[in-house]
Participant: 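Can you keep this structure in mind? I'll have questions shortly.
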There are 2 protein chains.
Amino acid sequence: MNIGEVSSRAGLPAKTIRYYEDIGLVRPPRGANGYRHFREADLHKLVFLGRARSLGFSIEDCRGLMALYEDRARASADVKRIAEDHLHRIDRKLTELGAMRDTLAHLVRSCAGDERADCPILADLAGPDAGSPL
Amino acid sequence: MNIGEVSSRAGLPAKTIRYYEDIGLVRPPRGANGYRHFREADLHKLVFLGRARSLGFSIEDCRGLMALYEDRARASADVKRIAEDHLHRIDRKLTELGAMRDTLAHLVRSCAGDERADCPILADLAGPDAGSPL
DNA sequence: CCTTGACCTTCCAGTAGTGGGAACCCCTAT
DNA sequence: ATAGGGGTTCCCACTACTGGAAGGTCAAGG
């Protein structure tokens with residue numbers, strides 16, 4: 001099948017699929033006209049990549065997962081390690097994003113949001129001991 | 001003061017400060033030798049930017065916040081709107097990141113992580129109806 | 001046969017926010 | 001005179017695409 005069909009079936013933009021070929025994640029053969037020809041196995045790989053990316057795995061993680069996916073002699077421990085590392089990264093991100101949200105929510109609540117210039121949000125951003133910038 | 005001093009006082013890498021000048025967030029004058037000369041007001045701006053960035057505001061948000069910071073006739077409502085929009089973006093991000101974590105945590109728990117090839121993580125990534133890739 | 005339109009191709013540029021490094025200038029101290 | 005520790009510009013790399021331009025291919029209709 002051509003890139004358009006595989007794109008709609010895998011749910012990935014054609015641009016992205018070309019990019020994945022560029023970095024060696026898929027290697028569809030070419031027809032006489034230069035068009036990429038995708039086989040079912042290529043489609044499966046792209047679906048796999050789409051799902052892994054949607055779980056936030058990096059391209060390099062995906063490369064590793066793909067290699068394991070295609071390796072009949074893999075150990076599930078290797079897969080699990082990649083997933084656990086990613087899980088820890090997500091947890092760290094969640095923690096820092098949560099801290100951001102709490103700080104920001106506090107600032108937003110403390111701001112009147114009216115026509116006056118007085119604003120605790122700006123005051124906080126300027127720092128504890130900062131006066132007017134002018 | 002020179003870029004090195006303002007860098008350590010603002011807690012930002014010199015590279016970042018040059019970048020901020022490049023995109024017009026700060027405009028330190030130059031001395032006869034071509035060196036940037038930072039005034040106290042420039043330092044305050046950089047501290048402001050560093051704090052705003054650490055709360056996850058985008059560069060464009062920072063540009064808007066800076067303009068309001070320097071505008072004596074601002075309305076705090078304008079500041080609050082930017083902060084609220086950002087807060088909503090963070091909340092959405094937290095939601096999707098949380099969903100990722102839950103899915104991933106479930107997969108990690110279900111994987112034996114031993115020497116066997118059988119792996120629910122790969123099975124899930126491959127999709128519900130996918131067989132072996134070979 | 002020609003045109004139209006959808007599809008395909010490549011390449012280039014840009015995104016955010018730096019990080020790294022080259023190559024070079026400037027200032028101070030010894 | 002020289003050594004070091006500043007500073008300067010410029011360019012490339014990164015993540016993971018996304019958009020656009022310019023042009024080749026294919027199938028259908030007049």
Side-chain angles (χ1 to χ4, degrees), chain A residues 1-38 42 45-46 48-66 82 85-86 89-90 93 96-97 100, chain B residues 1-39 42-43 45-46 48-66 82 85-86 89-90 93 96-97 100:
Chain A
M1 70 199 101
N2 285 342
I3 201 168
E5 187 181 347
V6 81
S7 165
S8 70
R9 286 177 62 184
L12 292 173
K15 276 272 193 197
T16 299
I17 295 173
R18 291 193 193 99
Y19 172 68
Y20 287 170
E21 184 196 26
D22 225 46
I23 62 175
L25 286 178
V26 282
R27 304 181 192 280
R30 301 296 182 111
N33 53 12
Y35 286 17
R36 290 168 185 83
H37 172 69
F38 295 85
D42 296 314
K45 280 193 189 185
L46 289 168
F48 182 96
L49 288 169
R51 291 179 64 88
R53 292 284 306 129
S54 79
L55 284 178
F57 284 104
S58 72
I59 290 286
E60 283 318 299
D61 280 346
C62 288
R63 201 186 294 280
L65 289 170
M66 278 281 285
I82 294 176
D85 286 354
H86 180 44
R89 278 194 296 274
I90 287 181
K93 189 78 190 170
E96 71 187 52
L97 216 51
M100 274 185 199
Chain B
M1 70 199 101
N2 285 342
I3 202 169
E5 188 180 345
V6 81
S7 164
S8 69
R9 285 177 63 185
L12 292 173
K15 273 271 195 200
T16 300
I17 297 173
R18 292 195 192 98
Y19 173 67
Y20 288 170
E21 184 195 27
D22 224 47
I23 62 175
L25 286 179
V26 282
R27 303 182 193 280
R30 300 298 181 110
N33 53 12
Y35 286 16
R36 290 168 184 82
H37 172 68
F38 295 85
R39 298 148 298 187
D42 296 314
L43 174 60
K45 281 194 190 183
L46 289 168
F48 182 97
L49 288 169
R51 290 179 65 88
R53 293 283 304 130
S54 78
L55 284 177
F57 284 104
S58 73
I59 291 286
E60 283 318 299
D61 280 346
C62 288
R63 204 186 292 280
L65 290 170
M66 278 282 285
I82 293 176
D85 286 354
H86 180 43
R89 278 194 297 274
I90 287 182
K93 190 77 190 171
E96 72 187 51
L97 217 51
M100 273 184 201

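Residue numbering restarts at 1 for every chain, and letters A, B, ... go by the order of the sequence lines.
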Participant: Rounded to the nearest angstrom, tell me the gap between atom CD in B:Glu21 and atom C1' in D:dT9.
Facilitator: 12 Å
Participant: Report the nucleotide, chosen from C:dC8, D:dT8, C:dG19, that has the shortest atom-to-atom distance to any side-chain atom of B:Thr16.
Facilitator: C:dG19
Participant: Scan A:Phe57 against the nucleic acid and name what it touches under 4.0 Å (heavy atoms): base, sugar-phosphate only, or nothing.
Facilitator: nothing
Participant: Using a 4.0 Å heavy-atom cut-off, does A:Ile23 contact any base of the nucleic acid, only the sugar-phosphate backbone, or nothing at all?
Facilitator: nothing
Participant: Got a donor-acceptor contact below 3.5 angstrom from the A:Asn33 side chain to the A:Tyr35 backbone?
Facilitator: yes
Participant: Tell me which nucleotide among C:dG19, D:dG19, C:dT9 gets nearest to the side chain of A:Arg36.
Facilitator: C:dT9
Participant: Establish, with yes or no, whether the OP1 or OP2 oxygen of D:dC17 is under 4.0 angstrom from a side-chain nitrogen or oxygen of A:Tyr20.
Facilitator: yes
Participant: Rounded to whole angstroms, how far apart are CG on B:Asp22 and P on C:dG19?
Facilitator: 15 Å
Participant: Under the 3.5 angstrom rule, does the side chain of B:His86 hit a backbone N or O of B:Leu55 as a donor-acceptor pair?
Facilitator: yes
Participant: Which of the following nucleotides, C:dT9, C:dT18, D:dT9, is nearest to the side chain of A:Arg18?
Facilitator: C:dT9
Participant: What's the CG-P distance between B:Leu12 and C:dA16, to the nearest Å?
Facilitator: 18 Å
Participant: Check every atom of C:dT9, D:dA16, D:dT8 against the side chain of A:Arg30 and return the nucleotide holding the closest atom.
Facilitator: C:dT9
Participant: In whole angstrom, give the distance that lies between atom NE2 of A:His37 and atom P of D:dC26.
Facilitator: 15 Å
Participant: Given atom CD1 of A:Ile17 and atom C1' of C:dC8, what is their separation to the nearest angstrom?
Facilitator: 13 Å
Participant: Choose from C:dT18, C:dG19, D:dC17 the nucleotide whose nearest atom is closest to any side-chain atom of B:Pro13.
Facilitator: C:dG19
Participant: Heavy-atom nearest nucleotide on DNA chain D for B:Lys15 versus B:Glu5: which residue maps closer to 5'?
Facilitator: B:Glu5
Participant: Evaluate the criterion side chain to side chain contact (heavy atoms under 4.5 Å, CB included) for residue pair A:Leu49 and A:Met66; output intermediate values, then yes/no.
Facilitator: CA-CA 8 Å; A:Leu49 288 169; A:Met66 278 281 285; 3.8 Å; yes
Participant: Which whole-number value in Å describes the distance from B:Glu60 CD to C:dT15 C1'?
Facilitator: 12 Å
Participant: Identify all side-chain donor-acceptor contacts of residues 9-18 of chain A below 3.5 Å with residues at least two apart in sequence or on another chain.
Facilitator:
residue	atom	partner	partner atom	Å
A:Arg9	NH1	A:Glu5	OE2	3.3

Participant: Are B:Asp42 and B:Arg39 within salt-bridge range, i.e. N to O under 4.0 Å?
Facilitator: yes
Participant: Under 3.5 Å, is there an N or O donor on one side and an acceptor on the other linking the side chain of A:Tyr35 and the base of D:dG24?
Facilitator: yes
Participant: Rounded to whole Å, how long is the line connecting atom CG of B:Asn2 with atom C1' of C:dC27?
Facilitator: 10 Å
Participant: Rounded off to whole Å, could you give me the CG-to-P distance for the A:Asn33 and C:dT9 pair?
Facilitator: 8 Å
